[in-house]
Amino acid sequence: MYWQAIIPLWVVLFPIFMTPAIFILSKRSEKLRDGLSVLTAVITFFSVASLYPFVMEGKTIEYTLFQILPELGVTVRIDILSFCLAILSSFVWMMATIYSLDYMKPEHGKNRYYPVLIFTLGATLGIFFAGDFFTLYVFFELMSLVSYVLVIHEETPTALKAGYKYLIMTIIGGLALFFAIIATFELAGSVSLSKGVLVSKPSTLAFFAFVCYLIGFGMKAGMFPLHVWLPEAHPVAPSPASALLSGIMLKTGAYGMLRVLFYVFNIEVVQSARWDLLVAVLAVITILLGSAVALTQFDLKRRLAYSSIGQMGYVLLGMILFTEQGLVGDIFHIFSHAFMKSTLFLAAGAIIWKTGLRNINDLAGIGRKMPFTMGAFTIAALAMIGIPPLNGFLSKWTLSLGALEAGLPIYVVILLISSLLNGLYYLPIIIAAFFGGEEQEHAHGEAQHVEAGINLRGEATAKMVIPMVILGLGCFFLGLFPSNIAYELSLKAAVFLFRGGM
Amino acid sequence: MNLNYEHLPVIIVALLLLAAFLEPIVYRHKKSWAAPLVIASMAFFALSSLYLMAAVNYHGPFNYYLGGWAPPFGIELEIDYLAVFLLLTFSVIGLIAIVYGLQDLKHGLKDEVLGWYFTLYLLLMASMAGISVTNDLFNMYVFVEISAISACAIISIKESRECIEASLKYLILSTLGSGCILLATAMLYMITGHLNIGYLNDVLPRVMSHYPNNILISLGFFVVGYGVKAALFPLHVWLPDAHTAAPSPSSAVLSGLVIKVYAAAFLKVFLKAYPREIFLEIPVMEIVLFLSVLAILYGSIVAMVQEDIKKMLAYSSIAQIGYVFLGFSLMGQRAVAGGLLHIFNHAMMKSMLFLAAGIIIYSTGIRRIRDMKGLGVKLPLTMGAFTIGALSMVGIPGTNGFISKWQLALGALDLGRPIIVVVILLSSLLNCLYYMPIVINAFFGVKGEPELEIGKVPGVMLYSILFLGFGIIFFGIYPAPLLAFLQKTVTAIL
Amino acid sequence: MEVLSKLFNNYYYFAAIILFIIGFHTMLTHANLIKKIIGMNIMETAAFLIFVSIGYIEGGRAPILDEGFDQIYMNPLPQALILTGIVVAVSVTAYALSLIIKLYQHYGTVDADEIARIRSYKP
């Protein structure tokens with residue numbers, strides 16, 4: 001047994017056990033609560049990071065903690081894929097937590113927000129370090145349900161309505177997953193990730209299981225036609241929470257689908273039964289629909305949310321190309337999109353926090369007042385469009401190579417169309433922000449900030465700008481060379497999955 | 001053979017009956033002793049059930065001949081895995097409900113009837129214990145009648161108009177059920193000459209080809225009889241009123257335990273007395289399966305439109321009893337274990353929900369779901385427990401409701417019936433649709449302090465629901481020993 | 001013909017079933033609560049009849065062992081059981097009647113339809 005085996009347990013349980021501590025401390029002192037939240041996120045990140053040398057050697061660990069039902073227990077697993085997602089999540093989480101410190105100052109219910117934020121971190125990492133689908137499902141439900149509290153944090157009627165939609169869709173997705181997992185269990189007698197391919201023969205039940213996996217994970221990933229909760233729920237959440245919802249929690253769906261495609265079924269089953277066609281069609285619709293509808297949205301955060309739908313389409317498309325290059329692009333796009341979208345949401349949050357403006361038409365000239373915020377926004381938006389040398393370009397490039405390798409150039413065309421649409425809806429914001437508009441007084445958010453004693457002039461506070469800028473620079477550096485850490489990880493993970501993922 | 005625990009089942013029933021009849025006397029002459037007496041009897045029940053469970057688990061099941069008379073003439077008690085499982089479920093939940101009830105009843109009942117309430121409660125418990133352990137159909141009928149009368153009386157004891165009406169409705173339908181059970185018993189006795197379940201199981205395969213009509217009639221009457229009593233779908237009409245009108249601890253026990261005991265009796269009669277071959281020829285289990293599917297859907301859908309929280313919980317019980325019957329009627333190893341598990345799990349969930357609703361009514365007087373906005377701020381622990389119960393009803397992993405759903409769904413898949421799984425999932429979704437808004441409204445969307453008059457919640461009431469809430473989580477995470485035990489139970493039955 | 005003779009030979013079963021149906025019907029269809037209780041009693045009587053008739057043998061006598069073993073004995077068990085059953089039925093009836101009295105005090109009628117009408121009028 002390696003000492004690293006304890007790390008997954010630690011990073012899942014540590015935030016979960018810190019939650020009550022944070023909650024109790026929040027009654028005593030706000031400073032202590034904030035500090036402890038950030039500390040927890042930072043420690044979790046570094047704990048995950050300490051796995052790096054271990055997984056780079058290509059080792060995996062899997063062990064069962066205890067049995068809940070016969071043949072069914074809480075299982076822990078570390079491999080390169082789980083590490084990729086975990087390191088990404090804990091990093092973005094850390095940034096979002098730091099960002100929250102100032103962003104949440106004027107908000108109510110902070111004593112609820114921080115514990116829930118940290119708890120969700122633990123649950124999310126639990127998904128990635130789960131060693132079988134049952135454990136994965138448990139943490140998936142836990143994360144989905146607890147993040148409901150983040151979604152409705154503002155408790156406005158709109159938020160409650162969006163939250164209810166989110167909750168119902170989550171439950172539907174959870175039930176679909178339940179069916180899928182139980183059908184897998186019935187077919188294979190196990191849902192472990194260490195058994196290789198669980199279902200190696202297509203059958204009716206296997207098909208329904210596949211469809212239910214697709215519903216369950218696709219729901220989370222915002223796949224068409226199950227995306228309806230997403231554009232409602234993401235904009236109403238507080239911005240750091242939106243960043244996490246869009247940047248990280250959507251990825252849990254993609255992660256689940258990857259595990260399904262490579263561990264429950266295998267490439268031959270899915271391809272021979274032509275189930276991949278189903279995913280492909282839905283993914284293409286998701287890409288085009290997300291990008292096209294984003295054009296028609298004028299609420300900044302709603303536009304970002306629709307853009308997320310489009311981007312998740314890429315990820316879904318990438319995984320059913322079933323080529324190594326495509327898979328590299330796919331996993332790398334998970335990284336890229338997490339960085340881009342969390343930057344965008346955090347920047348949007350800073351704008352809203354500072355000026356109270358949500359409508360894109362009012363954002364003219366904002367770049368001159370908040371250069372760092374809009375700078376980060378610009379980098380991320382350009383990356384979204386796929387301008388080299390940003391990370392969005394690299395992932396699209398790799399995805400396209402993968403599509404060509406699979407002999408499906410049509411997907412390249414779709415990627416290009418979608419990039420064009422991305423350009424159409426991101427560029428006007430940037431242009432208007434830096435070059436358009438006259439200086440004008442924005443009175444909206446003023447009163448509440450004056451009360452909270454926050455300076456209204458110029459930039460948002462440092463605690464907000466720094467995470468944003470770090471993430472924005474991440475977009476830049478992760479695209480600059482094709483040999484950066486995220487790309488290396490994606491490459492290794494893709495090879496690992498392709499060799500059977502053992 | 002000097003195993004002194006052998007007499008324990010009889011002692012349990014006898015002692016509960018004795019305590020039941022002592023209760024009014026004690027209450028009249030020494031009021032302060034009445035409550036300790038009922039608690040002590042229930043505690044004895046719980047402890048001896050625990051002891052019996054350990055003993056049976058260790059030494060294996062045993063049979064007890066009442067008065068030393070061996071069957072087929074004497075009454076036989078069979079203390080098998082099923083019996084001790086039921087005993088333990090009933091005793092523990094019953095104990096918690098009455099501990100809670102001591103506070104709540106002072107508030108809800110007239111002072112002079114409290115002693116009688118204890119009598120009825122103990123009678124109900126004694127009869128449930130009797131049904132669990134007896135191996136004799138007529139004896140079972142007698143206990144069924146005792147439990148029917150005491151259950152009706154426990155509803156009508158409040159003497160409000162609704163209670164009396166609900167109670168009368170329950171009584172009439174319940175008597176109808178008893179009549180059916182008696183007639184079915186007669187049919188079986190006519191062709192076999194036995195009332196003992198074990199003997200019936202021996203004799204029936206030999207005579208079933210000679211008397212197909214008797215068997216058919218008896219099956220039909222048993223289904224109707226136990227169906228009425230357990231509120232299986234088209235025969236459920238009495239349940240919503242009865243469980244709504246009763247005092248909260250009674251509702252908890254009625255919904256959590258009493259309808260379950262009839263389901264368990266159904267299981268005993270159908271899977272222990274009748275040979276399995278019968279069900280190949282007569283598709284009675286298919287009918288029950290169909291009814292339970294309808295029950296699950298109907299109960300969940302009707303629960304959605306209820307305004308009164310207790311009525312909603314009552315309709316939810318109709319759906320949940322459907323799960324139990326679903327598991328039994330599938331007749332697979334896993335499915336029956338799932339049905340039994342759901343008896344236990346639902347007993348915990350539903351009694352907890354009813355008790356939580358009781359606290360809400362006790363401290364605020366609110367019964368309408370619409371008025372419960374912001375209750376989570378005022379009664380955080382109560383609503384927290386309610387949330388756990390609601391999540392368990394929906395079947396979120398980590399709660400025991402998930403485990404029973406998993407077990408039932410797997411049981412259905414074992415028998416190649418994925419459509420049943422779809423029904424279970426659909427009902428989970430419906431459960432979510434009516435439980436979640438309560439939770440959401442209670443906790444979120446309230447700005448500032450809600451304007452509610454909150455009375456003080458006695459600690460005992462709060463602790464009892466928190467204890468049950470803890471149980472829900474505990475058996476959601478660590479159901480392995482319970483499941484292993486149920487596996488043994490089912491292997492013994494099938 | 002065979003069916004008829006079967007019926008004739010088992011006329012007490014036939015009677016029991018008719019009684020049961022009468023009771024069942026009365027219980028479910030009559031609005032008058034007292035009549036419902038009467039129906040309930042008839043139904044139970046039918047069940048008792050069928051039970052007792054199981055043990056009855058034409059010309060048999062109570063199983064008291066006498067000189068000579070050629071006696072035909074009746075089965076005493078059903079009768080003993082039904083004694084218990086009758087006790088149960090009586091107590092149920094008594095309880096039901098007490099409930100009806102209570103209802104009468106509240107509503108001034110024993111008619112279920114009337115009660116339903118009064119209740120719906122009330123809110």
Side-chain angles (χ1 to χ4, degrees), chain A residues 65-74 108-109 112 123 134-142 144-146 148-149 151-161 163-164 166-187 189 204-205 208-209 212 215, chain B residues 334 337-338 341 373-374 387 391 394-400 402-433 435-437 439-441 443-448 475-484 487:
Chain A
L65 270 185
F66 66 94
Q67 298 260 323
I68 285 187
L69 293 162
E71 296 294 312
L72 205 66
V74 174
H108 75 290
R112 186 176 72 204
F134 177 74
T135 317
L136 195 153
Y137 172 62
V138 170
F139 282 107
F140 192 77
E141 287 284 279
L142 205 60
S144 305
L145 287 177
V146 174
Y148 168 80
V149 182
V151 170
I152 55 114
H153 184 81
E154 318 232 315
E155 292 189 35
T156 54
T158 342
L160 284 173
K161 205 162 152 254
Y164 191 62
Y166 169 75
L167 191 64
I168 298 297
M169 295 292 274
T170 294
I171 301 268
I172 293 175
L175 293 174
L177 268 187
F178 179 93
F179 182 87
I181 289 169
I182 208 163
T184 311
F185 190 77
E186 182 67 23
L187 287 168
T204 318
L205 191 58
F208 281 116
C212 283
I215 293 174
Chain B
R334 277 213 189 98
L341 184 66
K373 225 167 167 44
T387 309
L391 290 177
V394 179
I396 301 299
T399 57
N400 60 4
F402 171 77
I403 304 291
S404 35
K405 250 165 217 177
W406 175 271
Q407 195 74 8
L408 282 170
L410 212 54
L413 278 183
D414 277 346
L415 302 168
R417 289 164 173 269
I419 196 78
I420 301 291
V421 184
V422 176
V423 170
I424 292 174
L425 297 182
L426 196 61
S427 128
S428 302
L429 178 65
L430 294 172
N431 285 354
C432 164
L433 286 179
Y435 278 113
M436 280 314 174
V439 174
I440 293 170
N441 275 336
F443 282 105
F444 305 115
V446 196
K447 292 273 154 70
F475 284 103
I477 293 173
Y478 191 56
L482 185 64
L483 266 177
Q487 209 57 50

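Residue numbers start from 1 in every chain, and the chains themselves are labelled A, B, ... in the order their sequence lines are given, proteins ahead of strands.
With respect to chain B, the highest number of heavy-atom pairs below 4.5 Å among I182(A), V138(A), L205(A) belongs to I182(A). Top candidate by heavy-atom pairs under 4.5 Å with chain A, chosen from L391(B), I403(B), I477(B), L483(B), is I477(B).
Interface residues of residues 171-178 of chain A toward chain B, defined by a heavy-atom distance below 4.5 Å and sorted by number: I171(A), I172(A), L175(A), F178(A).
The distance between the ring centers of F134(A) and F402(B) falls below 6.0 angstrom. Here the two rings, on Y148(A) and F443(B), have centers that are 6.0 Å apart or farther.
Counting heavy atoms from C-beta on, the side chains of I440(B) and I152(A) never come closer than 4.5 Å.
Only the side chain of L145(A) comes within less than 4.5 Å of a heavy atom in chain B; its backbone stays farther off. Neither the backbone nor the side chain of Q487(B) comes within contact range of chain A, judged by heavy atoms closer than 4.5 Å.
A pairwise comparison of heavy atoms in E186(A) and L413(B) identifies OE2-O, 3.5 Å as the closest pair. Annotation for F179(A) and P418(B): closest pair CE1-O, 4.0 Å, computed over non-hydrogen atoms.
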